Undergrad: 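Can you read through this structure? Questions will come right after.
No experiment lies behind these values; they were computed from the predicted model shown. Both backbone and side-chain heavy atoms feed into the values below; hydrogens, waters and symmetry mates do not.
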Amino acid sequence: MGLSDLDQEAARTADLAEDASSDQVRIGQVVKLDRGFPLVRCLDTGEQLRCEHATDLVKEGRFRVVVGDRVEVLISQGHDKGIIQDVLERRTELVRKDPAERAVAQVMAANFDLVIIAQPLAEVNIRRLERELVLAFETGAKVAVVLTKADLAQDESAVQQIRRQVQDRAGQQVPVLVISAQQPETVEEVRSLIPQGTVAVLVGKSGVGKSSLINLLVGREVQETGSVREGDGKGRHTTVSREIVPIPQGGFVMDMPGVRGVGVWEAEAGIGAAFADIEEAATRCKFRDCKHAGEPGCAVRAAVAEGQISQERLDSYLSLTTEVKTLRERKEEARRMQGTKASDERAGKRGGHKRVHKARKRR
């Protein structure tokens with residue numbers, strides 16, 4: 001290699017060193033997940049950029065970020081996308097059983113302060129509502145229920161009757177709001193639940209009016225809504241991405257695609273909160289391990305006989321607790337096949353790791 005060649009090599013090495021020194025590591029938040037790469041907003045500058053996962057994040061457990069995740073992003077010169085190399089610890093998670101797997105969790109959103117459950121007032125599905133409440137309570141965040149499309153109700157007495165029924169299921173500590181596009185003050189009540197500095201995640205089945213609610217909160221059309229048929233208020237599903245939307249003079253709301261299946265996952269605490277009346281009655285049962293299936297001295301069955309708890313509500317409770325128990329057994333079976341122990345998993349959770357998942361150092 002001649003002198004000129006050495007000079008050129010030295011120049012290239014200097015350029016590479018300069019490029020490496022200009023690499024930046026920024027902390028950001030995943031604000032949108034769609035069919036493309038995750039969109040991340042840098043917390044210090046507000047700049048938004050598309051990012052890809054570091055290879056190690058994908059290799060080690062098929063890990064993917066969710067909307068709301070706070071991430072460490074490497075911004076490298078000569079690379080058109082940021083590289084997500086670290087996911088910080090989540091404050092809260094919205095988790096359901098993955099509908100495509102026997103015993104796998106699916107995290108749908110992270111780092112929120114409030115879960116808003118949306119259901120259409122004229123077609124409230126109580127069984128689904130109970131499941132949604134379990135998932136919401138399990139997160140540890142605050143919970144609220146919004147009944148949409150109130151303008152389709154027959155009259156005000158019907159509105160109040162349904163609202164009381166939902167309030168009874170949700171509990172007195174949960175705000176239950178009724179909104180109508182024709183009554184702006186009802187939208188302001190929802191907005192008051194999401195003050196500046198807070199994040200709400202909006203969940204519900206397709207067609208319940210989540211995108212319309214977000215447009216009302218923002219004051220303009222930011223989410224596409226499908227055409228709605230007169231008479232039944234039903235429309236086609238339009239939301240295909242998970243996205244954090246800022247509310248003027250307020251906080252943020254996470255819009256989620258409609259969730260058809262509401263499979264519970266490790267939801268003992270959520271069930272306890274959603275069915276607090278049944279769990280309280282169970283403390284008075286004669287036997288500590290009472291299954292509420294006809295055992296003598298069952299205080300829960302006595303409460304049903306006295307009309308304090310409906311049979312339908314007890315059926316839902318028993319069905320959910322059985323579902324969680326069955327799922328736990330399947331998880332234990334999967335652990336045995338993999339040669340791991342539940343105690344090992346619990347120890348990892350108690351470790352208080354600051355990161356959900358971290359890529360290995362890039363060499």
Undergrad: Would you say V253 and K210 make side-chain contact, with heavy atoms under 4.5 Å?
TA: no
Undergrad: Identify the heavy atoms of A110 and D69 that sit nearest to each other, and give their distance.
TA: CB-OD1, 3.7 Å
Undergrad: Could you state whether V208 and V178 fall into the same hydrophobic cluster, counting links through intermediate Ile, Leu, Val, Met, Phe, Trp or Tyr residues with side-chain heavy atoms under 4.5 angstrom apart?
TA: no
Undergrad: Do other residues, nucleotides or ligands put more than 12 heavy atoms under 6.0 Å from the CD atom of E280?
TA: yes
Undergrad: Quick one: CG on L135 to CD on E93, what's the gap to the nearest 0.5 Å?
TA: 12.5 Å
Undergrad: Quick one: does any side-chain atom of H53 pair with a main-chain N or O of V65 as donor and acceptor, under 3.5 Å?
TA: yes
Undergrad: Hey, are the side chains of V166 and L147 touching, using non-hydrogen atoms and a 4.5 Å cut-off?
TA: yes
Undergrad: Given V245 and V218, is the side chain to side chain contact (heavy atoms under 4.5 Å, CB included) satisfied, shown in steps?
TA: CA-CA 8 Å; V245 179; V218 175; 3.8 Å; yes
Undergrad: Determine yes or no for a side-chain-to-main-chain donor-acceptor pair under 3.5 angstrom, with D113 supplying the side chain and V199 the backbone.
TA: yes
Undergrad: Is F37 reachable from V31 through a run of I, L, V, M, F, W or Y residues, each pair having side-chain heavy atoms under 4.5 Å apart?
TA: no
Undergrad: Atom NE2 of H79 and atom CG of L74: how far apart are they, to the nearest 0.5 Å?
TA: 8.5 Å
Undergrad: Do L320 and V300 sit in one hydrophobic cluster, given that two such residues count as connected whenever their side-chain heavy atoms are within less than 4.5 Å of each other, even indirectly?
TA: yes
Undergrad: Roughly how far apart are S316 OG and I126 CD1, rounded to 0.5 Å?
TA: 9.5 Å
Undergrad: Taking side chain as C-beta onward, heavy atoms only, is Y317 less than 4.5 Å from E279?
TA: yes
Undergrad: Between K286 and E295, does any side-chain N to carboxylate O distance fall below 4.0 Å?
TA: no
Undergrad: Classify the side-chain pair Q160/E156 by whether it contains a donor and acceptor separated by less than 3.5 Å.
TA: yes
Undergrad: Which is it for F137 and V143 under the side chain to side chain contact (heavy atoms under 4.5 Å, CB included) test, yes or no, and what are the steps along the way?
TA: CA-CA 7 Å; F137 282 126; V143 181; 3.8 Å; yes
Undergrad: What's the separation between atom CD in Q48 and atom CD in Q29, rounded to the nearest 0.5 Å?
TA: 10.5 Å
Undergrad: Report the residue from L129, V145, V124 that forms a side chain to side chain contact (heavy atoms under 4.5 Å, CB included) with R169.
TA: L129
Undergrad: Are any of the side-chain nitrogens in E123 or K205 under 4.0 Å away from the carboxylate oxygens of its partner?
TA: no
Undergrad: Would you check if M254 and E243 make a side-chain contact, meaning some heavy-atom pair closer than 4.5 Å?
TA: no
Undergrad: What is the minimum heavy-atom distance between I179 and L213, and which atoms define it?
TA: CD1-CD1, 3.3 Å
Undergrad: Do P195 and T198 have side-chain heavy atoms sitting under 4.5 Å apart?
TA: yes
Undergrad: Group every Ile, Leu, Val, Met, Phe, Trp and Tyr by side-chain heavy-atom contacts under 4.5 Å, then state whether V87 and V30 land in the same group.
TA: yes
Undergrad: Answer yes or no: is there a side-chain heavy-atom contact under 4.5 Å between I83 and V73?
TA: no
Undergrad: N111 versus R70: any side-chain heavy-atom pair under 4.5 Å?
TA: yes
Undergrad: What is the distance from atom CZ of R41 to atom CG of L49, rounded to the nearest 0.5 Å?
TA: 12.0 Å
Undergrad: So does V174 get a backbone contact from the side chain of Q167, meaning a donor-acceptor N/O pair under 3.5 Å?
TA: yes
Undergrad: Quick one: closest heavy-atom pair of V67 and K32, and the distance?
TA: CG2-N, 4.4 Å
Undergrad: I need the L202 CG to D255 CG distance, nearest 0.5 Å.
TA: 6.0 Å
Undergrad: Identify the two heavy atoms, one from Q173 and one from P175, that lie closest to each other, and give their separation to 0.1 Å.
TA: O-CD, 3.6 Å
Undergrad: Which heavy-atom pair separates A281 from I309 by the least distance, and what is that distance?
TA: CB-CD1, 4.4 Å
Undergrad: Hey, mind stepping through E47 and R26 against salt bridge (Lys or Arg N to Asp or Glu O under 4.0 Å) and telling me if it holds?
TA: CA-CA 11 Å; E47 174 190 3; R26 311 273 283 279; 3.7 Å; yes
Undergrad: What heavy-atom pair brings I278 and L314 nearest, and what distance separates the two atoms?
TA: CD1-CA, 3.9 Å
Undergrad: Please check this pair: side chain of R242 against backbone of M256, looking for a donor-acceptor N/O pair closer than 3.5 Å.
TA: no
Undergrad: Show your working on side chain to side chain contact (heavy atoms under 4.5 Å, CB included) between R91 and T139 and close with a plain yes or no.
TA: CA-CA 9 Å; R91 293 188 295 110; T139 69; over 6 Å; no
Undergrad: Can D34 and R50 be said to form a salt bridge (Lys or Arg N to Asp or Glu O under 4.0 Å), step by step?
TA: CA-CA 11 Å; D34 48 25; R50 290 287 179 174; 3.1 Å; yes
Undergrad: Checking the side chain of E138 only, and the main-chain atoms of G270 only, is there a donor and an acceptor separated by less than 3.5 Å?
TA: yes
Undergrad: Keeping the roles fixed (side chain from R163, backbone from V176), state whether a donor-acceptor pair exists under 3.5 Å.
TA: yes
Undergrad: Hydrophobic clustering (ILVMFWY, side-chain heavy atoms < 4.5 Å, transitive) - are V115 and L133 grouped together?
TA: yes
Undergrad: Any side-chain heavy atom of F112 sitting closer than 4.5 Å to one from L94?
TA: yes
Undergrad: Strictly distance-based, threshold 3.5 Å: is any side-chain N or O of Q24 a donor or acceptor partner for the main-chain N or O of I75?
TA: no
Undergrad: Using modelled atom types only, decide if a donor and an acceptor are shared between the side chain of S310 and the backbone of R313 within a distance under 3.5 Å.
TA: yes
